[in-house]
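These notes are about the structure you will find just below.
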2 protein chains.
Amino acid sequence: MKVTGDQALVKKINKSLVLHTVRKHFPLSRSSVSVMTGLNKATVSTLVAELCEQQLVIEVGPGQSSGGRKPLMLHFNNMAGTVIGIELRVKQLSAVLCDLKGDIILVRDFTLEHHGLAYVLDTMKDLIAELISVAPSTPYGTVGIGIGVPGMVDEQGILLFAPNLGWEMVELQQILETYFAIPVTLDNEANAGAVGELNFGAAQDVSHLLYVSAGSGIGSGIIIDGKLYKGARGYAGETGHMCIEADGKPCSCGSRGCWELYASEKTYDTSVFKLPAHNTQDLIRCAKQGNIEAIRHFEQMGRYLGVGVTNLINSFNPELIIIGGALSEAEPWLATSMNEVVAERTLPYHKQQLQITFSKLGSRGTMIGAAFSSVMHFLGSIRITL
Amino acid sequence: MKVTGDQALVKKINKSLVLHTVRKHFPLSRSSVSVMTGLNKATVSTLVAELCEQQLVIEVGPGQSSGGRKPLMLHFNNMAGTVIGIELRVKQLSAVLCDLKGDIILVRDFTLEHHGLAYVLDTMKDLIAELISVAPSTPYGTVGIGIGVPGMVDEQGILLFAPNLGWEMVELQQILETYFAIPVTLDNEANAGAVGELNFGAAQDVSHLLYVSAGSGIGSGIIIDGKLYKGARGYAGETGHMCIEADGKPCSCGSRGCWELYASEKTYDTSVFKLPAHNTQDLIRCAKQGNIEAIRHFEQMGRYLGVGVTNLINSFNPELIIIGGALSEAEPWLATSMNEVVAERTLPYHKQQLQITFSKLGSRGTMIGAAFSSVMHFLGSIRITL
DNA sequence: CGACTTTGTATATTGGTTAAACAAAGTATT
DNA sequence: AATACTTTGTTTAACCAATATACAAAGTCG
């Protein structure tokens, strides 16, 4: 849609600017908001007054003087509402209740017995309903539900395909939105993880981020200009099916030599090593105990991870790459070989100022990211590009 | 820099909106601009008056009535100024003089005898000076120089590395900007090509485009949200060094199995076929004459092109992929096998609404794209993202 | 020829930001 | 303690771009 400029737009821009400045940097005085944003003191005053009325910002009393009148400190009202973040995994359904700052109020985990759509959907509804009911009373109540799923999601919020669940074409967003009458945002697990890292993890204030979620498969959440990039139809980031061996192993996607056949949990069944276990958790335990086969296997995966990561670096030139997902917990055995390969294979210019780290948020990154997508949807955001 | 909203911004947004609407859709009446933009008739009138005063828009007299008063038709004044577009190639320096619409006024080609920096630079300066001197007299004169080069360019306009020229760290943009005192935009050849296709070729009104320039190497110009994506430091799109054979041939970049070793002119020296020639032009001639070795080789390249293109599709989910560069002229022999591989290997969801075509602009796409970057730099553009 | 349409301009209003003055509340200095 | 200076935040008037509305101009159509 075409956006024209008028005074309402100006106000929206500035109000959003003030709100997010307070959200990110509180406690803060009106005066310092004015300096930070470049807005006139009077403008800040009016906008803050409105935000206070909307209960999104609160005045919490005087702060320290710096040689003049004491400032009246402002806080972002993280308890103006709550959001729910959900991560759907193969054997588990996890949910968090968060405040608007993204802080966790409550966590619920539920073990899934099977993947029957009706069963999972009912469980999800029950879980959400429970969290909504126990949520602390807030001015706006529960303002959004964010969901991270292991599969492809299109821009309409339809879960197109989730191989590990055996699901296809589930209109998850619409179903839940109708049921709860609350905005629902649906994202694949990698995208949600990227948003989580961007706001709470290792990627704060990064504008070009690649979050690689390595688990049962590989998917990437792509942040471009500080914003999630979803591609034309919403399917961007399906990097697990990037071919790194033109005539390699056949993949269920119809292609050959896909990255995730060499650098995800899919390797466990075809390893050249005699693996003492076939899941990441147990393999990590074995590696800790010094099991050479497990360690060798992880090192091998690390090398292949490096190959794919190099490809992403060459294509996207990100500031930061974060390896997340279940495999991020195997960092001690993956990192060295992965970094070696990346160092060998990237162009010298790319190495400058590029960082690669493993996720620090752990398994909750997806959930929190999903929740945070809802927060942003509620608060709104607007930007100017020259 | 932080952008705040005020009335100046509003005006800038709307004026830009009006200007680019006229530029894209002229001839046009004020009334239809109002309808198309959503701006009030009065607003359009004021802004058009200013644009006329700036000589960017001109009134060309009455148009056809549609049942009422005749409209006063507006034109974008493509002769308000001129720009110069330059493409630096291995053996050739080409330059165009364009009007602000991007139409070619004049072309100059110059054969380069060697790649000595001073020699090439002098030639370039002479060529530009000549074009500036013969440019038709316009209100704004020559307002920009856009250059497309075969190598990596950083965000400061420094040509970091051009393997085929043997150049490193050339501050081309700054040198020319100082010399001519005109804004210079420097881009790699793939990025310039992408801009060309976006504005004049097969990609008009596409927001997510991948332009793959296949020639002596492979590079990609990435358009995201209608805007060139350059990555954190300006090096995005180095897709030629995307690995498609983890343990493949060693590449000069330090890696192995890089895409361009299998799908660019680099294949000619290592082909398994007995090639009758070792450059694209001659090979195409041979293929036309039915030379089976040449045809087989192109088919093979097409398959590898398909592998890389599939990777790009999975990562970026673009609306459109354009194959450009010298190899685009081998379309008849590349297309079938490339499309076969892509069809086999992409996920079913990606196939929907994805188009792959070969460049229609030919070898001039880069030059025109480079020139057009300068036009946009001169006219300015501003956008709102919600 | 009169009714209706379309195009474009003039005018008063609206509603946002802003500079400047000011009030309030503190610190530093003599 | 009195005075001068700082810092914070509000009030006021001015400014300016978009807009709705009315209107003028120039056409079509029956």
Side-chain angles (χ1 to χ4, degrees), chain A residues 2-19 21-22 25-53 57-75 382 384, chain B residues 2-19 21-22 25-53 57-75 382 384:
Chain A
K2 242 165 195 165
V3 181
T4 64
D6 58 5
Q7 290 190 321
L9 179 78
V10 168
K11 185 154 193 181
K12 217 150 85 180
I13 292 171
N14 291 341
K15 200 164 171 182
S16 173
L17 188 58
V18 170
L19 173 60
T21 303
V22 174
H25 304 290
F26 74 95
L28 219 57
S29 68
R30 285 167 175 80
S31 175
S32 40
V33 172
S34 167
V35 172
M36 291 177 73
T37 57
L39 288 167
N40 185 283
K41 288 192 299 176
T43 310
V44 172
S45 266
T46 358
L47 294 175
V48 165
E50 286 184 32
L51 289 168
C52 283
E53 206 159 311
V57 168
I58 39 180
E59 223 170 48
V60 293
Q64 282 252 301
S65 160
S66 63
R69 171 174 164 183
K70 280 186 187 169
L72 282 166
M73 301 313 272
L74 303 170
H75 270 220
I382 185 166
I384 313 293
Chain B
K2 243 166 193 165
V3 181
T4 64
D6 60 2
Q7 290 188 321
L9 178 77
V10 168
K11 186 152 191 181
K12 217 151 80 181
I13 293 171
N14 292 341
K15 200 164 169 182
S16 172
L17 189 57
V18 170
L19 174 60
T21 304
V22 174
H25 304 288
F26 75 96
L28 219 58
S29 68
R30 288 168 176 78
S31 174
S32 39
V33 172
S34 166
V35 172
M36 290 177 75
T37 57
L39 290 165
N40 185 284
K41 287 192 297 175
T43 310
V44 172
S45 266
T46 351
L47 294 175
V48 165
E50 287 183 35
L51 289 168
C52 284
E53 205 157 313
V57 168
I58 39 180
E59 224 170 49
V60 293
Q64 282 255 298
S65 159
S66 60
R69 170 174 162 181
K70 279 187 187 169
L72 283 166
M73 301 315 272
L74 303 170
H75 270 221
I382 185 167
I384 313 294

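Sequence lines set the chain letters: A, B, ... in the order given, protein chains first and strands last, and positions in each chain run from 1. Given the structure is predicted, the values throughout are model-derived calculations rather than measurements.
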task: Take atom CG of A/Leu72 and atom P of C/dA23, then tell me their distance rounded to the nearest Å.
output: 19 Å
task: Using the test ring-ring contact (aromatic ring centres under 6.0 Å, His included), find all partners of A/His75 that sit at least two apart in sequence or belong to another chain.
output: A/Phe26
Expected list for residues 60-68 of chain A: side-chain donor-acceptor pairs under 3.5 angstrom, two or more places apart:
residue : atom : partner : partner atom : Å
A/Ser65 : OG   : A/Gly67 : N            : 3.0
A/Ser65 : OG   : A/Gly68 : N            : 3.1
A/Ser65 : OG   : A/Gly68 : O            : 2.6

message: When you compare the side chain of A/Leu19 with that of A/Val57, does any pair of heavy atoms fall below 4.5 Å?
response: yes
What pairs of nitrogen or oxygen atoms, one from the protein and one from nucleotides 15-19 of chain C, lie under 3.5 Å apart?
residue : atom : partner : partner atom : Å
C/dG15  : O4'  : A/Gln7  : OE1          : 3.2
C/dG15  : N2   : A/Gln7  : NE2          : 2.3
C/dG15  : N2   : B/Gln7  : NE2          : 2.8
C/dG15  : N3   : A/Gln7  : OE1          : 2.7
C/dG15  : N3   : A/Gln7  : NE2          : 2.8
C/dG16  : N3   : A/Gln7  : NE2          : 3.4
C/dT17  : OP1  : A/Asn14 : ND2          : 3.1
C/dT18  : OP2  : A/Asn40 : N            : 3.2
C/dT18  : OP2  : A/Thr43 : OG1          : 3.0
C/dA19  : OP2  : A/Asn40 : ND2          : 2.9
C/dA19  : N7   : A/Asn40 : ND2          : 3.4

- request: May I ask you to test the B/Leu9-A/Ile13 pair for a side-chain heavy-atom distance under 4.5 Å?
  value: yes
- prompt: Where do A/Arg30 and A/Val44 come nearest, in terms of heavy atoms and distance?
  reply: O-CG1, 3.6 Å
- request: Write down the distance between NZ (B/Lys41) and C1' (C/dT11), rounded to a whole number of angstrom.
  value: 14 Å
task: Report, as a single string ordered 5' to 3', how protein heavy atoms within less than 4.0 Å touch nucleotides 25-30 of chain C: B base, S sugar-phosphate only, - not at all.
output: BBS---
- prompt: Any salt bridge (charged side-chain N to carboxylate O under 4.0 Å, His left out) pairs touching residues 38-49 of chain B, not counting sequence neighbours?
  reply: none
Heavy-atom side-chain contact between A/Val18 and A/Leu51 under 4.5 Å: yes
- prompt: Any idea which heavy atoms bring B/Asn40 and B/Ser34 closest together, and the distance?
  reply: C-OG, 3.9 Å
statement: Closest non-hydrogen contact found for B/Lys11 with B/Leu47 is CE-CD2, 4.0 Å
- line: For A/Thr37 and B/Thr4 the tightest heavy-atom approach is O-CG2, 3.1 Å
task: On DNA chain D, reading 5' to 3', which nucleotide is the first and which the last to sit with an atom under 4.0 Å from a heavy atom of chain A, could you check?
output: D/dT6 to D/dA18
